[in-house]
S.K.: 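Let me give you the structure first, and then I'll get to my questions.
Throughout, numbering of the chain's residues begins at 1 and tracks the sequence. Predicted model only: the values in this text are computed from it and were never measured.
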Amino acid sequence: MRILFLGDIVGRRGREGVISALPSLRHDLRVDLAVVNAENASHGFGLTPDMAKSLFAAGADVVTLGNHAWDRKEIIPYIAEMPRLIRPLNYPPGTPGNGSVLIKLSDGRRALVLQALGRLFMDPLDCPFRGTANLLTKYRLGTTVDAIVADFHAEASSEKMAYGHAFDGQISLVVGTHTHCPTADSQILPGGTAFQSDAGMCGDYDSVIGMAKTGATLRFWRKMPTERLSPAQGAATICGVLVETNDRTGLACRVEPLRTGGRLTQVLPSA
């Protein structure tokens with residue numbers, strides 16, 4: 001199975017870039033499953049139902065959220081009726097939506113996509129490690145499902161790496177989101193799980209993690225929380241990772257970063 005994961009969409013430029021690029025990326029890279037993180041798609045904070053629908057129409061099979069999941073309140077009724085839009089699984093019981101979804105491909109193969117939220121320097125939610133472990137008791141890679149993708153939305157690279165190693169051999173891909181900077185550590189772990197600490201963002205990199213430079217920079221100079229943040233409006237770089245799995249085991253046999261458009265050095269996986 002060929003899996004494309006795109007990192008955090010930031011603002012209008014990120015949305016437009018992903019909606020424009022995703023159909024051709026799916027075709028050119030022969031993608032079977034496309035997962036997109038969109039928790040910053042609406043002016044940098046949250047996601048609206050119409051934006052989610054546009055991403056699905058462009059070819060996203062699953063859209064993930066994160067710590068900004070509820071910044072746009074209109075997403076709450078929508079997430080209850082759209083199972084392919086998921087939020088972190090370690091929110092407390094009773095939180096709207098689900099933390100995972102099982103996708104059936106047109107050829108009958110099945111993929112589980114889940115998201116968990118880290119706790120270091122983040123909201124103190126339920127344990128993401130125990131929550132993931134509990135979910136994985138219901139699925140076995142290479143037996144009951146053909147692939148498993150985990151979006152670990154976390155601040156600390158140490159927590160992301162620990163999460164990857166904790167589930168090495170049980171998940172096809174563990175990819176970090178949230179920090180908006182693509183890391184250079186894409187690899188296949190010893191047990192066969194593809195890993196990258198952060199997929200990076202889909203947005204304007206002439207910015208401060210996707211936000212316009214002036215307001216974001218002044219926050220550090222003046223330490224005034226009133227400085228307004230708004231997404232940068234330059235050309236977007238689409239960042240993510242492509243993984244190919246073994247159809248028998250579900251484990252990764254290839255992982256490559258993806259960066260296309262915008263300002264960053266271009267890296268396009270081979271088809």
S.K.: Give, for atom CG of L136 and atom CZ of F167, the distance between the pair rounded to the nearest 0.5 Å.
M.R.: 6.0 Å
S.K.: Listed by chain and number, what are the salt bridge (Lys or Arg N to Asp or Glu O under 4.0 Å) partners of R119, not counting sequence neighbours?
M.R.: none
S.K.: Can you find a pair of side-chain heavy atoms, one from I75 and one from P49, that are under 4.5 Å apart?
M.R.: yes
S.K.: Between the side chain of N37 and the main-chain N/O of L65, is any donor-acceptor distance below 3.5 Å?
M.R.: yes
S.K.: Rounded to the nearest 0.5 Å, how far does CG of L55 lie from CD1 of I19?
M.R.: 5.0 Å
S.K.: Linking I/L/V/M/F/W/Y whenever their side-chain heavy atoms sit closer than 4.5 Å, directly or via other members, would I209 and L218 fall into one cluster?
M.R.: no
S.K.: Hey, quick one: are V267 and V18 part of the same hydrophobic cluster, counting side-chain heavy atoms closer than 4.5 Å, chains of contacts allowed?
M.R.: no
S.K.: How many angstroms lie between CD in Q115 and CG in N90, if you round to the nearest 0.5 Å?
M.R.: 9.0 Å
S.K.: Can you run down the salt bridge (Lys or Arg N to Asp or Glu O under 4.0 Å) pairs that involve residues 237-247, sequence neighbours left out, and say none if there aren't any?
M.R.: R2-E244, R109-D247, E244-R254
S.K.: Can you find a pair of side-chain heavy atoms, one from I148 and one from Q170, that are under 4.5 Å apart?
M.R.: no
S.K.: Given the rule that I, L, V, M, F, W and Y join up when any side-chain heavy atoms are under 4.5 Å apart, are M1 and L242 in one cluster?
M.R.: no
S.K.: So do M82 and K53 actually touch side chain to side chain, heavy atoms under 4.5 Å?
M.R.: no
S.K.: Do you know the tightest heavy-atom contact between G234 and D204?
M.R.: N-OD2, 2.8 Å
S.K.: Whether the side chain of D8 engages the backbone of H178 through a donor-acceptor N/O pair (distance < 3.5 Å, no angle test) should be reported.
M.R.: yes
S.K.: Report the C-alpha separation of F121 and E159 in whole Å, then their side-chain angles, then the decisive distance to 0.1 Å, and conclude whether the side-chain contact (heavy atoms from CB on, under 4.5 Å) test is met.
M.R.: CA-CA 10 Å; F121 315 117; E159 189 177 18; over 6 Å; no
S.K.: Taking the side chain from D168 and the backbone from G191, do they hold a donor-acceptor pair closer than 3.5 Å?
M.R.: yes
S.K.: As an exercise, state the distance from CG of D151 to OG1 of T64, rounded to the nearest 0.5 Å.
M.R.: 4.0 Å
S.K.: S42 and T48: which non-hydrogen atoms are nearest, and at how many Å?
M.R.: OG-CG2, 3.8 Å
S.K.: Any side-chain heavy atom of T95 within less than 4.5 Å of one from W70?
M.R.: yes
S.K.: If you take all heavy atoms of C239 and A199, which pair is closest and at what distance?
M.R.: CB-O, 3.4 Å
S.K.: Looking at A116 and T132, what are the two nearest heavy atoms and their distance?
M.R.: CB-OG1, 4.0 Å
S.K.: Does any non-hydrogen side-chain atom of D146 lie less than 4.5 Å from one of L105?
M.R.: no
S.K.: I'd like to know if the side chain of T144 reaches the main chain of R140, judged simply by a donor and an acceptor atom lying under 3.5 Å from each other, with no hydrogens or angles considered.
M.R.: yes
S.K.: Might you work through the side-chain contact (heavy atoms from CB on, under 4.5 Å) test for F195 and H165, ending with a clear yes or no?
M.R.: CA-CA 9 Å; F195 174 81; H165 288 297; over 6 Å; no
S.K.: Would you indicate whether the side-chain heavy atoms of Q233 and P231 approach each other to under 4.5 Å?
M.R.: yes
S.K.: Is the side chain of S172 donor-acceptor paired with the backbone N or O of G250 at a distance under 3.5 Å, no angle test?
M.R.: yes
S.K.: At what distance, to the nearest 0.5 angstrom, does CD of E16 lie from SG of C202?
M.R.: 13.0 Å
S.K.: Do V243 and V175 come within less than 4.5 Å of each other through their side chains, counting heavy atoms only?
M.R.: no
S.K.: May I have the step-by-step check of side-chain contact (heavy atoms from CB on, under 4.5 Å) for S157 and T183, ending in yes or no?
M.R.: CA-CA 10 Å; S157 56; T183 55; over 6 Å; no
S.K.: OG1 of T245 to CG of L141: how many Å apart, nearest 0.5 Å?
M.R.: 8.0 Å
S.K.: Determine whether a donor-acceptor pair (N or O, by modelled atom type, separation under 3.5 Å) exists between the side chain of R15 and the backbone of A41.
M.R.: yes
S.K.: State whether the side chain of E155 and the backbone N or O of L120 hold a donor-acceptor pair below 3.5 Å, judged by distance alone.
M.R.: no
S.K.: Can a donor-acceptor pair be found, under 3.5 Å and without considering hydrogens, that links the side chain of S207 to the backbone of A212?
M.R.: no
S.K.: Among D198, N67, T179, which residue meets the side-chain hydrogen bond (donor to acceptor under 3.5 Å, both in side chains) test with H153?
M.R.: N67
S.K.: Taking side chain as C-beta onward, heavy atoms only, is V113 less than 4.5 Å from F5?
M.R.: no
S.K.: Restricting to non-hydrogen atoms, name the atom on L229 and the atom on A216 that form the minimum distance, rounded to 0.1 Å.
M.R.: CD2-CA, 3.6 Å
S.K.: Treating E81 as the side-chain partner and I79 as the backbone partner, does any N or O pair qualify as donor plus acceptor under 3.5 Å?
M.R.: no
S.K.: Taking L258 as the starting point, is it possible to reach V35 by hopping between hydrophobic residues whose side chains are less than 4.5 Å apart?
M.R.: no
S.K.: Could you label the plane-to-plane angle of the Y163 and F152 rings as parallel, tilted or perpendicular, counting under 30° as parallel and over 60° as perpendicular?
M.R.: parallel
S.K.: Run the numbers on Q196 and D185 for side-chain contact (heavy atoms from CB on, under 4.5 Å), then give the verdict.
M.R.: CA-CA 6 Å; Q196 186 169 317; D185 61 342; 3.7 Å; yes
S.K.: Treat each ILVMFWY residue as a node, draw an edge where side-chain heavy atoms are under 4.5 Å apart, and state whether V149 and L251 are in one component.
M.R.: no
S.K.: Between R26 and D61, does at least one N-O distance fall below 4.0 Å, as a salt bridge requires?
M.R.: yes
S.K.: Which pair of heavy atoms, one from I238 and one from A21, lies closest together, and at what distance?
M.R.: CG1-CB, 4.3 Å
